[in-house]
Amino acid sequence: MKKIFFFVLLSMCIGLQAADRDDSKYLAGAVPEVNGVVTFVKQFKVPGQTDQQIRSTLMGFVRDSLVNNAIEGLRTRVISDGSDGGSICARIEEMMVFKSKPLYLDRTRFRYQTTINVTNGKATVEISQISYCYGEEAEGGKTETYKAEEWISDAVAINKAGTKLYPRSGKFRRKTVDRVQEIFEQAITTFETKAEKPVEKPKKRSIVVEE
C-alpha cells in the first residue's frame with residue numbers, strides 16, 4: 001500500500017511540474033524547416049576581419065568546441081575545413097541528456113551536420129540533418145531511431161490546439177532547440193574579446209547578429 005501511495009504521489013508531482021512548465025519558446029516556429037527539412041540557421045557579421053580570418057576562427061570553434069569534445073566512440077568528423085575558401089562542414093554526434101540520477105540515466109545520441117559559409121564579412125551557421133538514436137542502453141529495450149522531421153517538427157510535436165508539446169517527443173524538441181541556440185551563441189562569442197578585468201558595465205557586442 002505504501003508503494004502504491006508513493007507512485008501515485010510521484011505521478012501527481014510530475015503532472016504538476018509539467019503543468020507549470022512554460023513551453024512558449026518551444027511552440028510553433030521554434031523548429032524551422034527549409035523545403036521540408038528541419039534546418040536551424042543563424043547569420044552574423046564580423047566587422048574588421050577578412051572572410052578567411054572569419055573562416056579560420058569558426059573552424060577553430062568547430063574543432064575545439066564540437067569535434068574534439070566528442071565522447072570516445074561517437075561518430076564525429078570534419079568533412080571540409082574551409083581552407084580553400086569553401087564551406088566548413090562537420091558531422092557531429094553528441095550525447096543529449098534528458099535526466100540523470102543515481103541508477104537512472106535518460107539520454108539519446110544526438111546527430112547533426114554543421115555547415116558554415118562566409119561571404120563579405122557575414123557568417124551563416126546552419127544545423128541540419130538532425131537525428132536521434134534512443135533507448136540503446138535500456139535493459140531489454142528496443143533502440144529507436146528518429147529523424148527530426150518525423151519527431152520534433154511542428155506538425156508532429158505540438159498538439160492540434162498549438163498550446164503544448166506532446167510529452168515523449170517534447171523533451172527531444174526542448175533539448176534540441178536549447179542545444180542549437182547554445183551552439184549559435186558559442187560561435188558568435190568566439191569573436192568577442194573577454195576583458196582581462198571585470199568592468200561595471202558590459203561591453204557592447206561588436207558582432208551584428210541577424211535574426
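In what follows, every heavy atom counts, from backbone to side chain, and hydrogens, waters and symmetry copies are set aside.
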| said: Is the distance between the ring centroids of F44 and F184 under 6.0 Å? | reply: no

| Separation between CD of E126 and CZ of F40, rounded to the nearest 0.5 Å | 11.5 Å

| task | Go through the steps for T176 and Y112 under the test side-chain contact (heavy atoms from CB on, under 4.5 Å), then give the verdict. | result | CA-CA 10 Å; T176 300; Y112 60 93; over 6 Å; no

| Shared hydrophobic cluster, F191 / V209 (ILVMFWY, side-chain heavy atoms < 4.5 Å) | yes

| message | For the backbone of K99 and the side chain of D106, can you confirm whether one donor and one acceptor N or O come within less than 3.5 Å of each other? | response | no

| field | Euclidean distance, C89 SG relative to R77 CZ, rounded to 0.5 Å | value | 8.5 Å

| said: Under a 3.5 Å distance rule, please check whether R173 uses its side chain to pair with a backbone N or O of I152 as donor and acceptor. | reply: yes

| Test log, rule side-chain contact (heavy atoms from CB on, under 4.5 Å), inputs D81 and I88 | CA-CA 5 Å; D81 64 6; I88 295 170; 5.9 Å; no

| request: Output every pair passing side-chain hydrogen bond (donor to acceptor under 3.5 Å, both in side chains) with a member in residues 54-67, not counting sequence neighbours, ordered by first then second residue. | output: Q52-R55

| note | Between V46 and I54 the two heavy atoms that sit nearest each other are CB-CD1, 3.8 Å

| said: Using only atom types and a distance under 3.5 Å, with no angle test, would you say the side chain of S153 pairs donor to acceptor with the backbone of E150? | reply: no

| note | With F110 as partner, the option from W151, F98, F172, Y132 fulfilling ring pair (Phe, Tyr, Trp, His ring centres under 6.0 Å) is Y132

| Side-chain (D51) to main-chain (G121) donor-acceptor, under 3.5 angstrom | yes

| note | Interatomic distance, OG1@T163 vs NZ@K160, rounded to 0.5 Å, equals 13.0 Å

| Side chains of I127 and T39 in contact at under 4.5 Å (non-hydrogen atoms) | no

| Under 3.5 Å, is there a donor-acceptor pair between the side chain of E149 and the main chain of V38? | yes

| task | Among I130, I79, I92, find the residue that satisfies the side chain to side chain contact (heavy atoms under 4.5 Å, CB included) test when tested with Q113. | result | I79

| Listed by chain and number, what are the side chain to side chain donor-acceptor pair (under 3.5 Å) partners of K147, not counting sequence neighbours? | none

| request: Supply the atom-to-atom distance L27 CG to D154 CG, rounded to the nearest 0.5 angstrom. | output: 8.5 Å

| task | For T50 and Q53, indicate whether the former's side chain and the latter's backbone hold a donor-acceptor pair under 3.5 Å. | result | yes

| message | Closer than 3.5 angstrom, by distance alone: can the side chain of T108 be matched with the main-chain N or O of C133 as a donor-acceptor pair? | response | yes

| said: Please evaluate residues S169 and V156 with respect to the criterion side-chain contact (heavy atoms from CB on, under 4.5 Å), reporting the C-alpha separation (whole Å), side-chain torsions for both, the decisive distance (0.1 Å), and the verdict. | reply: CA-CA 8 Å; S169 59; V156 298; over 6 Å; no

| said: I need the minimum non-hydrogen distance between V118 and L58, along with the two atoms involved. | reply: CG2-CD1, 4.2 Å

| said: Looking at K171, I'd like to know if its NZ atom is crowded, meaning that more than 12 non-hydrogen atoms belonging to other residues, nucleotides or ligands lie closer than 6.0 Å. | reply: yes

| message | Can you see whether T124 engages N117 through a side-chain donor-acceptor pair at a distance of less than 3.5 angstrom? | response | no

| request: Could you tell me whether the side chain of V62 reaches within less than 4.5 Å of the side chain of V67, counting heavy atoms only? | output: yes

| remark: Between A30 and V177 the two heavy atoms that sit nearest each other are O-CG2, 3.9 Å

| Aromatic ring centroids of Y146 and Y134 under 6.0 Å? | no

| Partner residues of T114 under the side chain to side chain donor-acceptor pair (under 3.5 Å) criterion, sequence neighbours left out | none

| Electrostatic pair R109:E94 at N-O distance under 4.0 angstrom | no

| said: Does this structure show an ion pair linking E182 with K175, if we count only N-O contacts that are shorter than 4.0 Å? | reply: no

| Over all atoms of both residues, closest heavy-atom pair of T76 and E93 | OG1-N, 3.1 Å

| message | Looking at K25 and D178, is there a salt bridge between them, counting it only when a charged N and a carboxylate O are closer than 4.0 Å? | response | yes

| query | What's the verdict on side-chain contact (heavy atoms from CB on, under 4.5 Å) for R91 and R111, showing C-alpha distance, side-chain angles and the deciding distance? | reply | CA-CA 8 Å; R91 287 291 301 171; R111 299 164 176 163; 4.2 Å; yes

| request: Spell out, as yes or no, whether a donor-acceptor pair under 3.5 Å connects the side chain of D23 to the backbone of Y26. | output: no

| For the residue pair V97 and R107, what are the closest heavy atoms and their distance? | CA-CB, 3.8 Å

| Nearest non-hydrogen partners of N159 and Y166, listed with the distance | CA-OH, 3.4 Å

| query | Out of curiosity, I183 CD1 to F61 CZ, how far, rounded to the nearest 0.5 Å? | reply | 6.5 Å

| I188 side, atom CD1; K45 side, atom NZ - distance, nearest 0.5 Å | 14.0 Å

